[in-house]
Amino acid sequence: MKPSPSRIRLALVIAVLLGTALPAAAGPKRQMVRDVIQCTRMQQRFILARDLGFETGLNSSIDADAIPDELKQQILEAYLQVADEVFSWDKVESKYEQLYGRHYTENELKTVLELCQDSRYQMVLSKDLEMLPGGLKIGEEFAPELQVKLLEAMTRLMKSWRQ
């Protein structure tokens with residue numbers, strides 16, 4: 001039985017849709033995405049942001065001063081164990097590959113890979129990683145006031161929705 005032209009068109013439409021739904025799945029581009037993720041130290045940045053983000057949240061919570069340092073350390077250790085189990089790089093790496101695949105063209109990936117060969121670019125990446133903890137500490141300074149004002153704003157919003 002010979003396939004009808006409408007079935008052929010349907011198969012082509014499905015193929016095109018599948019091809020655009022998985023942009024990072026193409027061979028050479030996928031390898032370039034992986035190379036860019038590696039050279040930009042995305043894994044290291046992900047883990048630092050994940051872990052320092054939690055620590056910053058803990059240190060800037062409203063009752064942070066009431067938590068003994070030893071307990072804070074135990075909380076952080078428990079978080080790290082759970083985070084490594086639930087939210088590890090192994091579990092998110094493919095999602096980052098898809099994200100990069102959607103946002104970078106092949107030419108842009110090539111440009112980033114060229115930048116990765118430049119020692120000045122590597123120095124910038126290193127400095128950014130060094131400064132990340134300090135940047136989060138700056139956020140901790142503003143967190144108490146931000147939390148109070150945010151709570152006030154949310155309370156006003158909830159009251160207006162009830163009326």
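Everything quoted here is computed from the prediction, not taken from an experiment.
- Between D84 and R50 a salt bridge is recorded (basic side-chain N to carboxylate O distance below 4.0 Å).
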Do L52 and E55 pass the side chain to side chain contact (heavy atoms under 4.5 Å, CB included) test, and can you show the C-alpha distance, the side-chain angles, and the key distance before you say yes or no? CA-CA 5 Å; L52 290 173; E55 186 175 353; 3.8 Å; yes
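- Counting only residues at least two apart or in different chains, ring-ring contact (aromatic ring centres under 6.0 Å, His included) contacts with residues 116-163 are absent.
- Residues Q43 and I37 have side chains not in contact (no heavy-atom distance under 4.5 Å, counting atoms from C-beta outward).
- Two residues are said to be in side-chain contact when any heavy atoms from C-beta on lie closer than 4.5 Å; K91 and S88 meet this criterion.
- By the 4.0 Å N-to-carboxylate-O rule, K137 lies close enough to E140 to be salt-bridged with it.
- Considering all non-hydrogen atoms of both residues, G53 and L136 come closest at N-CD1, 4.0 Å.
- The hydrophobic clustering, which links ILVMFWY residues whose side-chain heavy atoms are closer than 4.5 Å, places Y96 and L125 together.
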field: Test side chain to side chain contact (heavy atoms under 4.5 Å, CB included) applied to R120 and L115, step by step
entry: CA-CA 9 Å; R120 296 170 297 174; L115 281 172; over 6 Å; no
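- Taking the ring centroids of F46 and F87, they lie under the 6.0 Å cut-off.
- Proximity of Y104 to T111: side-chain heavy atoms (C-beta onward) are nowhere separated by under 4.5 Å.
- Within the 4.5 Å cutoff, no side-chain heavy atoms of D128 are placed close to those of R45.
- Considering CG of D51 and CG of L80, their distance stands at 5.0 Å, rounded to 0.5 Å.
- Residues E77 and Q73 have side chains that bring a donor and an acceptor to within less than 3.5 angstrom of each other.
- More than 12 heavy atoms of other shown residues, nucleotides or ligands fall within 6.0 angstrom of atom CD in E108.
- When all heavy atoms of T40 and V36 are compared, the pair lying nearest together is OG1-O, 2.7 Å.
- Panel note: side chain Q44, backbone L129; no donor-acceptor pair is recorded below 3.5 Å.
- No path of Ile, Leu, Val, Met, Phe, Trp and Tyr side chains, each step under 4.5 Å between heavy atoms, connects V124 with L132, placing them in separate hydrophobic clusters.
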### Query
Run the side chain to side chain contact (heavy atoms under 4.5 Å, CB included) check on L99 and K95 step by step: do they pass?
CA-CA 6 Å; L99 183 66; K95 294 181 183 303; over 6 Å; no
With side chain to side chain contact (heavy atoms under 4.5 Å, CB included) as the criterion, how do E152 and V148 come out once you've worked through the C-alpha distance, each side chain's angles and the decisive distance to 0.1 Å? CA-CA 6 Å; E152 290 170 358; V148 168; 3.6 Å; yes
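- Rounding to the nearest 0.5 Å gives a distance of 9.5 Å between CD of Q38 and SG of C116.
- Q98 and R30 share no side-chain donor-acceptor pair at under 3.5 Å.
- Taken together through direct or relayed side-chain contacts under 4.5 Å among Ile, Leu, Val, Met, Phe, Trp and Tyr, V92 and V82 form parts of separate hydrophobic clusters.
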Side chain to side chain donor-acceptor pair (under 3.5 Å), that's the test. Do D118 and Q122 meet it? Break it down for me. CA-CA 7 Å; D118 189 324; Q122 290 301 316; over 6 Å; no
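- Across all non-hydrogen atoms, the minimal contact from A66 to P68 is O-CD, 3.4 Å.
- Rounded to the nearest 0.5 Å, atoms CG (L157) and CZ (R162) are 11.0 Å apart.
- Note that the CG atom of L109 and the CD atom of Q31 stand 11.0 Å from one another [nearest 0.5 Å].
- At a threshold of 4.5 Å between non-hydrogen side-chain atoms, the residues S60 and Q147 count as touching.
- Here the CZ-CD distance, from R102 to E97, works out to 12.0 Å after rounding to the nearest 0.5 Å.
- In the hydrophobic clustering of this structure, M131 does not group with M123; members are Ile, Leu, Val, Met, Phe, Trp, Tyr whose side-chain heavy atoms approach within less than 4.5 Å, directly or through other members.
- Both F54 and L71 are part of a single hydrophobic cluster, where members link through side-chain heavy atoms under 4.5 Å apart.
- In plain terms, the two heavy atoms of L58 and K72 that are nearest each other are CD2-O, 4.0 Å.
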